S.K.: 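Before I ask anything, let me first share the structure, which is written out below as structure tokens.
As the structure lists them, so they are numbered: ligands from 1, and atoms in each ligand from 1. What's counted below: heavy atoms across the whole structure, side chains too, no hydrogens, waters or symmetry copies. Only a predicted model underlies this, so the values are computations on that prediction, with no experimental measurement involved.
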Amino acid sequence: MEKDIEKVLVSEDEIASICDKIAQQINEDYKNSGRPLVLICILKGSIMFTSELMKRITLPLELDFMKVSSYGSGTSTTGVINIHLDIKRTDIADVDFIVIEDIIDSGRTLSHLIKYFTEKGASSVRTATLLDKPSRRTVDFKPDYFGKVIPDEFVVGFGLDYNEKYRNLPYVGILKREVYEK
Ligand code: PRP
């Protein structure tokens with residue numbers, strides 16, 4: 001896999017510092033909430049970030065999973081989101097959710113999910129992402145917690161894939177053009 005990587009964009013050390021920083025903010029922000037805190041890991045890309053982040057959160061929390069895909073182009077935030085797997089928790093009122101992503105591109109997935117949980121009566125819904133590509137936004141969206149703003153490059157590793165490969169790289173790297181332009 002290493003030979004397919006043009007350049008390391010976010011090293012293991014940098015990822016660890018990002019996780020430290022975001023977990024510290026979360027620990028501070030939710031320490032007096034008194035409500036259940038539920039982290040939602042958006043499959044598959046955010047499994048690595050979710051696990052590194054949750055290790056550093058010192059508050060009681062629950063972990064849940066979703067698998068979604070959003071589609072539609074343009075700037076509509078009211079388009080369709082496909083929910084392939086929904087969270088297990090059925091009691092959603094009076095819960096603080098943090099939806100965790102590996103990367104935000106157009107912003108559609110997280111815009112949809114915030115709307116979805118807000119309409120179901122969640123007390124609060126915030127978002128955390130390791131990587132953010134604001135240059136790719138088609139909807140106006142800002143995460144509550146973010147690790148690193150990156151340029152519009154094809155990145156893989158630490159959960160992110162190309163054709164389901166490279167998710168197990170421990171860092172985020174730019175994929176060589178020749179790999180996906182073959
Ligand atoms: C990626 C990423 C986000 C979404 C972001 O998932 O993990 O969920 O796309 O894009 P958006 O901001 O344009 O909505 P992907 O669909 O590639 O699935 P995967 O995590 O299973 O690889």
Side-chain angles (χ1 to χ4, degrees), residues 1 4-6 8-10 12 14-15 18-19 22 26 38-54 63-89 97-120 122 125-177 179-182:
M1 287 188 297
D4 295 341
I5 302 303
E6 180 78 50
V8 175
L9 197 62
V10 197
E12 286 187 73
E14 191 175 1
I15 291 171
I18 287 170
C19 294
I22 296 179
I26 291 174
V38 178
L39 303 187
I40 304 178
C41 170
I42 306 300
L43 297 171
K44 300 175 188 171
S46 77
I47 59 151
M48 298 268 247
F49 181 45
T50 304
S51 70
E52 285 304 310
L53 190 62
M54 68 186 280
L63 175 64
D64 225 319
F65 294 93
M66 281 185 100
K67 173 80 184 144
V68 300
S69 58
S70 73
Y71 62 86
S73 53
T75 54
S76 169
T77 49
T78 55
V80 185
I81 188 166
N82 275 328
I83 297 180
H84 307 290
L85 171 77
D86 206 342
I87 61 168
K88 268 269 166 60
R89 185 180 242 278
F97 288 101
I98 305 178
V99 184
I100 306 193
E101 273 289 22
D102 49 344
I103 190 164
I104 305 177
D105 234 336
S106 70
R108 279 200 296 268
T109 304
L110 284 180
S111 298
H112 284 308
L113 287 176
I114 287 183
K115 188 162 170 275
Y116 181 73
F117 285 108
T118 305
E119 283 174 0
K120 279 177 174 273
V125 190
R126 284 189 179 162
T127 57
T129 187
L130 175 66
L131 306 172
D132 192 3
K133 270 188 186 175
S135 60
R136 298 261 304 170
R137 281 298 193 289
T138 60
V139 298
D140 185 21
F141 182 82
K142 282 198 182 69
D144 298 288
Y145 307 99
F146 71 93
K148 187 166 184 165
V149 170
I150 59 164
D152 188 14
E153 300 277 6
F154 200 132
V155 288
V156 293
F158 203 71
L160 291 126
D161 74 310
Y162 169 59
N163 276 348
E164 296 302 326
K165 274 179 68 184
Y166 307 102
R167 291 194 198 273
N168 52 326
L169 283 173
Y171 54 81
V172 176
I174 298 175
L175 192 61
K176 285 184 180 162
R177 260 179 188 278
V179 177
Y180 56 91
E181 284 184 348
K182 264 191 257 189

S.K.: Do Met1 and Asp4 come within less than 4.5 Å of each other through their side chains, counting heavy atoms only?
M.R.: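 The answer is no; the side chains never approach within 4.5 Å.
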S.K.: Report yes if some heavy atom in the side chain of Tyr116 is under 4.5 Å from a heavy atom in the side chain of Asp86; otherwise report no.
M.R.: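 Side chain of Tyr116 against side chain of Asp86, heavy atoms only: contact under 4.5 Å found.
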S.K.: Using atom types as modelled and distance alone, determine if a side-chain donor or acceptor of Thr127 lies under 3.5 Å from a backbone N or O of Val99.
M.R.: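 Flag not set: sc Thr127 to bb Val99 has no pair under 3.5 Å.
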S.K.: Would you check ligand 1 and list the protein residues that come within less than 4.0 Å of it by any heavy atom, ordered by chain and number?
M.R.: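 Near ligand 1, by chain and number: Leu43, Lys44, Gly45, Lys67, Ser70, Glu101, Asp102, Ile103, Ile104, Asp105, Ser106, Gly107, Arg108, Thr109, Asp161, Arg167.
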S.K.: Quick check: does any side chain N or O of Asp105 sit under 3.5 Å from a backbone N or O of Arg136, one acting as donor and the other as acceptor?
M.R.: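 No.
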S.K.: Do Ile150 and Val172 touch side chain to side chain, with heavy atoms closer than 4.5 Å?
M.R.: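 A side-chain contact is absent here, since even the closest heavy-atom pair is not under 4.5 Å.
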S.K.: Any chance you could measure Lys133, atom NZ, to Ile104, atom CD1, to the nearest 0.5 Å?
M.R.: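 Between Lys133 NZ and Ile104 CD1, I get 12.0 Å after rounding to 0.5 Å.
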